[in-house]
Engineer: 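Dumping the structure here so I can ask a few things about it.
Bear in mind the structure is a predicted one, so any value in this text is a computation, not a measurement. Counting convention: from 1, in listed order, for ligands and their atoms alike.
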Amino acid sequence: MSELSVDHLLGIKYLNKKDIELIFETADHFKEVINRSIKKVPTLRDITIANIFFENSTRTRLSFELAEKRLSADVVNFSAAQSSVKKGETLIDTVNNILSMKVDMVVMRHPNPGAGIFLSKHVKAAIVNAGDGAHEHPTQALLDSFSIREKLGDVGGKNVVIVGDILHSRVALSNIFALKLQGANVKVCGPRTLIPKHIESLGVTVETDLRKALQWCDVANMLRVQNERMDISYFPSTREYTQQFGVNKELLDSLDKQIVIMHPGPINRGVEITSDVADSDQSIILHQVENGVAVRMAVLYLLASKIK
Ligand code: CP
């Protein structure tokens, strides 16, 4: 029987190509399940999962909760804002207290890069990283690649450009790892100030001219500028950013091919993407969200099957 090479999902960096293929084959099955009239299966009936979120989330949190409920897991939700973390309790104490209530898996979003890795070394539970600061967001990258595979048949050999705030983006890093593992060609595009030095060492190329990048690609993944992670200005104004790195219908129509537009959300309409592009037939943004549930079901199922 096939199984994942890892006991936790801490980042795409720790997966291999076979892991990704296994997750996608499993997600294909779960996608079929969640499109049935009875969307629930008893697969994780004996498993309890805690979703612990120290940072805001709409899509990831709801998607994990729905994935867990579709698999019949017992689910507890923890939000740092209403918890004893506010009284000074440490991350390990918080999680060990949750685990003493017989919890098997922890899905965690945390503002600190590496928080999931740290936790996995100190507690007895399978850990799923739901986004750790500017480090990794592995399930987002998996659902992004799954959506490209669904739309274009394969990820290998496709030209994918990731546009925007690469420096502060966990989505960018996880996508680069996932796309390269599957044999895609990857470019990053954005203001020089928002592109990490030496990013070429990850096997990607850099383009600062958005029109050239779009003309080259099959898929453009548009990222949000992460103002909440910036303590200085990285570009002169939002207006100038949009003029140089925002995608609009006129720009897309001027290309000599039809490319696929993606966005992990939340969207800043009118900044990195206009509404007529976000809501167009070229956009697969809502398909990404839909696929997130099936992909997260696959990840949870495959990790749960490794719990001793
Ligand atoms: N894409 C994503 O992580 O969105 P949320 O922050 O709403 O979870």
Engineer: Hey, does Gly265 sit under 4.0 Å from ligand 1 if you only count heavy atoms?
Structural biologist: yes
Engineer: Does any N or O in the side chain of His8 come within less than 3.5 Å of the main-chain N or O of Ile127, such that one atom is a donor and the other an acceptor?
Structural biologist: yes
Engineer: For atom 2 (C) of ligand 1, what is the closest protein heavy atom, and at what distance to 0.1 Å?
Structural biologist: Thr60 OG1, 3.5 Å
Engineer: Can we say Lys158 and Asp218 salt-bridge, meaning some charged N sits less than 4.0 Å from an Asp/Glu carboxylate O?
Structural biologist: no
Engineer: Regarding Arg109 and the six-membered ring of Phe53, is the cationic atom NZ or CZ under 6.0 Å from the ring centre and inside 45° of its axis?
Structural biologist: no
Engineer: Heavy-atom contact check, 4.0 Å cutoff: does Glu55 meet ligand 1?
Structural biologist: no
Engineer: Suppose I only count heavy atoms of Gln140 and a 4.0 Å limit; which atoms of ligand 1 are within that range?
Structural biologist: 1 (N), 2 (C)
Engineer: Give the residue, atom name and distance (to 0.1 Å) of the protein heavy atom nearest atom 1 (N) of ligand 1.
Structural biologist: Pro264 O, 2.8 Å
Engineer: Count the heavy atoms of every other residue, nucleotide or ligand shown that sit under 6.0 Å from CG of Asp281, and state whether that count exceeds 12.
Structural biologist: no
Engineer: Within the structure, does Pro266 bring an N/O atom to less than 3.5 angstrom of an N/O atom in ligand 1?
Structural biologist: no
Engineer: Starting from atom 4 (O) of ligand 1, which protein heavy atom do you reach first, and at what distance in Å?
Structural biologist: Arg59 NE, 3.0 Å
Engineer: Are Lys31 and Glu290 ion-paired here, with the side-chain N under 4.0 Å from a carboxylate O?
Structural biologist: yes
Engineer: Hey, are Arg61 and Glu65 close enough for a salt bridge, meaning a charged N less than 4.0 Å from a carboxylate O?
Structural biologist: no
Engineer: Show the nearest heavy-atom pair for residues Trp216 and Asn185, with the distance to one decimal.
Structural biologist: CH2-O, 3.4 Å
Engineer: Which residue holds the protein heavy atom closest to atom 6 (O) of ligand 1, what is that atom called, and what is the gap in Å?
Structural biologist: Arg109 NH1, 2.9 Å
Engineer: Would you say Thr58 and ligand 1 have an N/O pair spaced under 3.5 Å apart?
Structural biologist: yes
